[in-house]
Amino acid sequence: MTIRASVESISSSFMNVRSASSWFEVYAAFSTFMMLLRTALNDLIPHQIQSFIFSKLKTLLSDRQHNHQEISIEITQFWDGQTNQLFQAAQEYLPARIINSCKSLKLGKLPKHKNVVVAMDGKEEVVDQFEDIKLKWKLETSKNEPDHHKSLYNMQLFILSFDEKHRDKVMNKYISHVLNTYQTMKAEQRTIKIHSLNSRYWLTSDLTHPASFDTLALDPKKKKDIIDDLDRFLRRKDLYNKVGKPWKRGYLLYGPPGTGKSSLIAAMANYLKFDVYDLELTSVHSNSDLMRALRDTTNRSIIVIEDIDCNKEVLVRSTTNSVRLTNSFSDSDSDSDSDFDNKAVEVKGRSFTLSGLLNYMDGLWSSGGEERIIIFTTNHRERIDPALLRPGRMDKQIHLSFLKGKAFRILASNYLDIEGDHPLFEQIEGLLEKIQVTPAIVAEQLMRNEDPEVALEEFVKFLQEKEVDSVLLNCE
Ligand SMILES: Nc1ncnc2c1ncn2[C@@H]1O[C@H](COP(=O)(O)OP(=O)(O)OP(=O)(O)O)[C@@H](O)[C@H]1O
């Protein structure tokens, strides 16, 4: 019997259904039809395609079956009168996930931002995939906006919908994933700030210093050593906790003026994405102001005290009779007997030692302070008391010096866009070995001509003259 014959037999049986025997005939014809259909399908459609069709049908059916079990969460723009951080996180997180698939987006740029900002425009629902979960996001405008926001904005909210069976995973994992991704994105986009002390308060502005470890003319080994040290410091939170030490690291940068101490600080801040607090001791008018200023510094920051040796406030106690404020900055460790304690920083007629200041910082940060770096700079390390240089106070000392070796090539790349080799490089590097020139002087020389060839030739002449001068000087 063919399929067509069996279909005809079923339909004719339907027409003539009158008795129980007729019903039996219908049933027999239908069973035969189904058997024939199954055999034909097995013969005609390969097994893989059959499995594919069945799985698709199954998903479709299960999707339809589950549609009514979808749940929705509202994430409003404000929460308890404040901006809802989860709303902010979704606002940043979603455009990054959907930028290539969404048909309708909003673009904008704020003065503070470096890049164009992308946002959802609320016209369409966007879909995010997290592990095996499909999550649908829609941006809406609330009809019940609170009064205090009414005049300024229409309050917005995200509606997040997903299958109820994923409720736990969404609440426990997906929401944290959105928040964590947002925090990482914020850290990457963050503008680093520099805070300068104005008597009692920090004045804040953007750190625009472009220095990075790539642009720093420094011996490559030394550069790697500094980067490794910073990375190690960041990784060691648990160790610092375990041994009960404040999570901080002290650096002393020393070397002649113009060798890149400030540039290195900027490169470190840009690398770590840490804010910089420029603690200019001459602008501190009292100890309480200084303590308040230190308390106002944030975690993940670099505190810089520059030119520590030539700071006018550094006084020798025996010559000034200045009084140490041991009650303000308790300095009870073994350093108190050292020569260093004879040097005091005087603030408006009152004075304290630098080691006391460091101890105070330790005390302040042992309760909650995290990821702090303190950098002292000096042009004369020999003038600094050894007590201040001991590990724990100054964990690492970095000597920045005259331009030597291949470090010149970094400046040639920065200022003249010369990458790789150049016929004059060998001669220049030879001359640099014989004389002492700071990177700042080299930078200034290279900027004198826009044409890179002329700039290099002029620079060679400059170095030759310097060489002659130094020979003459040695002869005198
Ligand atoms: N190692 C370096 N790599 C690249 N540029 C440098 C380097 N050193 C100095 N420069 C250039 O010289 C300028 C002055 O350098 P910088 O202020 O960093 O030196 P410094 O050692 O802090 O000087 P000072 O002791 O006078 O404060 C920088 O803006 C930079 O252009």
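Atoms within a ligand are numbered from 1 in the order they appear, just like the ligands themselves. Position 1 is the first residue of the sequence; numbering continues from there.
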Could you list each nitrogen or oxygen of ligand 1 that sits under 3.5 Å from a protein nitrogen or oxygen, with the atom names and the distance?
| residue | atom | partner | partner atom | Å |
| --- | --- | --- | --- | --- |
| ligand 1 | 1 (N) | Ala217 | O | 3.0 |
| ligand 1 | 3 (N) | Ala217 | N | 2.8 |
| ligand 1 | 8 (N) | Gly260 | N | 3.1 |
| ligand 1 | 18 (O) | Ser262 | N | 3.4 |
| ligand 1 | 18 (O) | Ser263 | N | 2.9 |
| ligand 1 | 18 (O) | Ser263 | OG | 2.6 |
| ligand 1 | 19 (O) | Gly260 | N | 3.2 |
| ligand 1 | 21 (O) | Gly258 | N | 3.4 |
| ligand 1 | 21 (O) | Thr259 | N | 3.2 |
| ligand 1 | 21 (O) | Gly260 | N | 3.1 |
| ligand 1 | 21 (O) | Lys261 | N | 2.9 |
| ligand 1 | 21 (O) | Lys261 | NZ | 2.9 |
| ligand 1 | 22 (O) | Lys261 | N | 3.3 |
| ligand 1 | 22 (O) | Ser262 | N | 2.8 |
| ligand 1 | 22 (O) | Ser262 | OG | 2.8 |
| ligand 1 | 23 (O) | Gly258 | N | 2.9 |
| ligand 1 | 25 (O) | Lys261 | NZ | 2.9 |
| ligand 1 | 25 (O) | Asn379 | OD1 | 3.3 |
| ligand 1 | 31 (O) | Tyr415 | OH | 3.1 |

Check whether more than 12 heavy atoms from other residues, nucleotides or ligands sit under 6.0 Å from atom CE of Met185, and answer yes or no.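 Counting neighbours around CE of Met185, more than 12 heavy atoms of other residues, nucleotides or ligands fall under 6.0 Å, so yes.
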
Tell me whether the count of non-hydrogen atoms from other residues, nucleotides or ligands lying under 6.0 Å of CD in Glu450 goes above 12.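 Not more than 12 within 6.0 Å, no.
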
My understanding is that only residues two or more places apart in sequence, or in another chain, count here; which of them pass salt bridge (Lys or Arg N to Asp or Glu O under 4.0 Å) with Lys224?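 With neighbours one apart ignored, the set is Asp228.
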
Can you list the residues that meet the salt bridge (Lys or Arg N to Asp or Glu O under 4.0 Å) rule with Lys404, with sequence neighbours excluded?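 Applying salt bridge (Lys or Arg N to Asp or Glu O under 4.0 Å) to Lys404 gives none.
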
Got a sec, which pairs hit side chain to side chain donor-acceptor pair (under 3.5 Å) with one end in residues 258-276, sequence neighbours left out?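 For residues 258-276, and leaving out neighbouring residues, the side chain to side chain donor-acceptor pair (under 3.5 Å) pairs sorted by first residue read Arg190-Asp275, His195-Asp275, Asp231-Tyr271, Lys261-Asn379, Ser262-Glu306.
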
To the closest 0.5 Å, what do you measure between CZ (Arg372) and OH (Tyr277)?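 Between Arg372 CZ and Tyr277 OH, I get 7.5 Å after rounding to 0.5 Å.
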
